[in-house]
Protein chains: 2
Amino acid sequence: MPVGRDLFRFGETSKSIFNLLSGWVAIYTLLEDGRRQIVHFALPGAVMAVPTSNGAKISYGAQALTEVVVSVIPNTMLTTVLKDDPEVSMRLASRLARDISVAYDHMTSIGRRTARARVAYLLLELFTRHRAQWPGNHIEEMAIPLTQEQIGDATGLTFVHVNRVLSTLRKDKIVHFHYRRLRILDPDRLIEVAGVDAQTAMSWFE
Amino acid sequence: MPVGRDLFRFGETSKSIFNLLSGWVAIYTLLEDGRRQIVHFALPGAVMAVPTSNGAKISYGAQALTEVVVSVIPNTMLTTVLKDDPEVSMRLASRLARDISVAYDHMTSIGRRTARARVAYLLLELFTRHRAQWPGNHIEEMAIPLTQEQIGDATGLTFVHVNRVLSTLRKDKIVHFHYRRLRILDPDRLIEVAGVDAQTAMSWFE
DNA sequence: CGATGTCTTGAACCACCTCAAGCCCGGTGG
DNA sequence: CCACCGGGCTTGAGGTGGTTCAAGACATCG
């Protein structure tokens with residue numbers, strides 16, 4: 001699937017569950033006035049659009065940020081798989097519980113941190129989640145397929161202010177984000193600015 | 001369990017899953033400087049602290065806001081139940097998916113709405129979720145066991161500002177919140193102020 | 001080599017915060 | 001039954017972090 005395409009949209013009733021095999025997807029919600037909040041960045045391995053029992057509508061959308069490969073599993077099939085293999089249902093529940101945890105942390109960032117800390121936190125989160133996929137890779141540089149506007153939508157800021165924050169982070173030689181490439185110059189200070197306590201940070205680095 | 005007690009805390013490894021039978025519980029996270037974000041209000045029927053597969057630590061805490069009754073289910077037992085009854089695992093997954101959806105909406109509120117809309121949204125959410133438990137009850141009044149400080153922690157505002165917002169909402173004859181009793185004076189305008197589109201609002205009122 | 005989306009920077013403004021003081025109300029003990 | 005105490009609520013005045021509006025520079029792509 002090409003860049004920019006929506007995998008599913010607000011208001012649809014989920015008849016399938018999506019498994020992201022490769023690429024990045026933004027999960028977002030919209031307000032009537034067009035303002036947007038990106039609530040999650042789905043990375044490979046993510047499971048999306050798990051149906052609620054009463055068949056309620058999905059309240060968010062999913063947009064491909066890169067070329068994307070997904071496997072689509074119809075609900076009917078999901079039901080039989082869960083029936084056959086209890087191991088799978090445990091794993092699904094675990095993954096959803098993990099997603100809730102990530103969402104709560106993200107919410108805390110938006111609700112209680114300064115702009116500088118929010119941006120730092122997001123970059124740190126994306127970096128660690130990305131690296132978790134290729135363990136052993138210790139290069140402090142990666143491609144993040146996001147515009148500053150999308151970073152703003154994820155952190156609850158305007159893109160203008162995201163730009164200013166990124167400038168100061170660059171000036172302070174903490175991170176360098178330019179045209180979708182992220183270089184982490186000073187991991188320790190990034191962790192400090194993000195307001196993550198040292199212990200938690202270490203556990204992120206597995 | 002008495003008011004104020006923590007059911008579990010940040011950093012523990014979940015050996016059990018909690019099922020809330022009666023009362024209100026606040027799920028919250030803390031920053032090092034003591035600032036707090038309430039990420040969810042658990043109402044009766046809620047399931048809390050579902051373990052992640054790799055046995056990671058819980059990243060949030062749960063505090064009783066009222067007298068509370070919970071049933072504690074050890075993980076080992078959960079495993080066997082899920083194995084025996086595939087129906088249960090479907091329901092668990094659905095409930096977690098629902099929680100994710102609620103979390104995303106809450107996040108959108110904090111990230112993109114004004115203080116006035118955030119408070120209105122929270123009151124509306126609590127009211128509808130509360131009423132969903134006693135269907136057919138159409139009284140527009142309820143007890144909300146929250147201080148203004150806790151409302152602030154949930155909306156990402158200071159309690160001082162929450163107070164000002166509540167004053168204007170009262171002056172505008174939209175809601176009246178006084179000493180933990182909420183009275184909704186003008187549901188339509190509350191929905192409008194909360195920035196919820198009419199269609200979604202109707203589906204909340206099922 | 002123009003066209004379009006993204007980034008950058010400045011200046012003015014305002015929503016929300018901080019600090020601070022006083023009040024209300026319920027609970028407790030004398 | 002009153003005095004006191006403490007937690008929560010209310011209100012004011014002043015400060016600031018982030019927004020808004022606007023204009024220009026920079027990339028990337030047909």
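Lettering of chains follows the sequences in order, A, B, ..., and the numbering in each one begins at 1.
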What is the distance from CG of B/Leu65 to P of D/dG8, rounded to the nearest Å? 12 Å

Length of the line joining B/Lys171:NZ and D/dT10:P, which is rounded to integer Å: 13 Å

Across all chains, not counting sequence neighbours, the salt bridge (Lys or Arg N to Asp or Glu O under 4.0 Å) partners of B/Glu192 are none

Taking CD from B/Glu149 and P from D/dG6, how many angstroms apart are they, rounded to a whole number? 18 Å

Value in whole Å for how far the C1' atom of C/dT8 lies from NE2 of A/His176: 14 Å

Does any donor atom in the side chain of A/Arg113 or A/Ser109 lie under 3.5 Å from an acceptor atom in the other side chain? yes

Okay, side chain of A/Arg112, backbone of B/Arg36: is any donor-acceptor separation there less than 3.5 Å? yes

Using atom CZ of B/Phe177 as one end and atom P of D/dG8 as the other, report the distance to the nearest whole Å. 12 Å

Would you give the length of the straight line joining atom CZ of A/Arg164 to atom OG1 of A/Thr158, rounded to the nearest 0.5 angstrom? 7.5 Å

At under 4.0 Å between heavy atoms, which parts of nucleotides 9-25 of chain C does protein reach? Answer with one letter per nucleotide, 5' to 3': B base, S sugar-phosphate only, - none. BBB----BSBB-----S

Atom CZ of A/Arg180 and atom P of C/dT6: how far apart are they, to the nearest Å? 6 Å

Could you work out, with salt bridge (Lys or Arg N to Asp or Glu O under 4.0 Å) as the rule, every residue matching A/Arg91, not counting sequence neighbours? none

Output yes when at least one side-chain N/O atom of A/Gln148 is less than 4.0 Å from OP1 or OP2 of C/dT8, else no. yes

So does A/Ile174 get a backbone contact from the side chain of A/Asp172, meaning a donor-acceptor N/O pair under 3.5 Å? no

N/O (side chain, B/Gln150) to phosphate O (OP1/OP2, D/dG8) under 4.0 Å: no

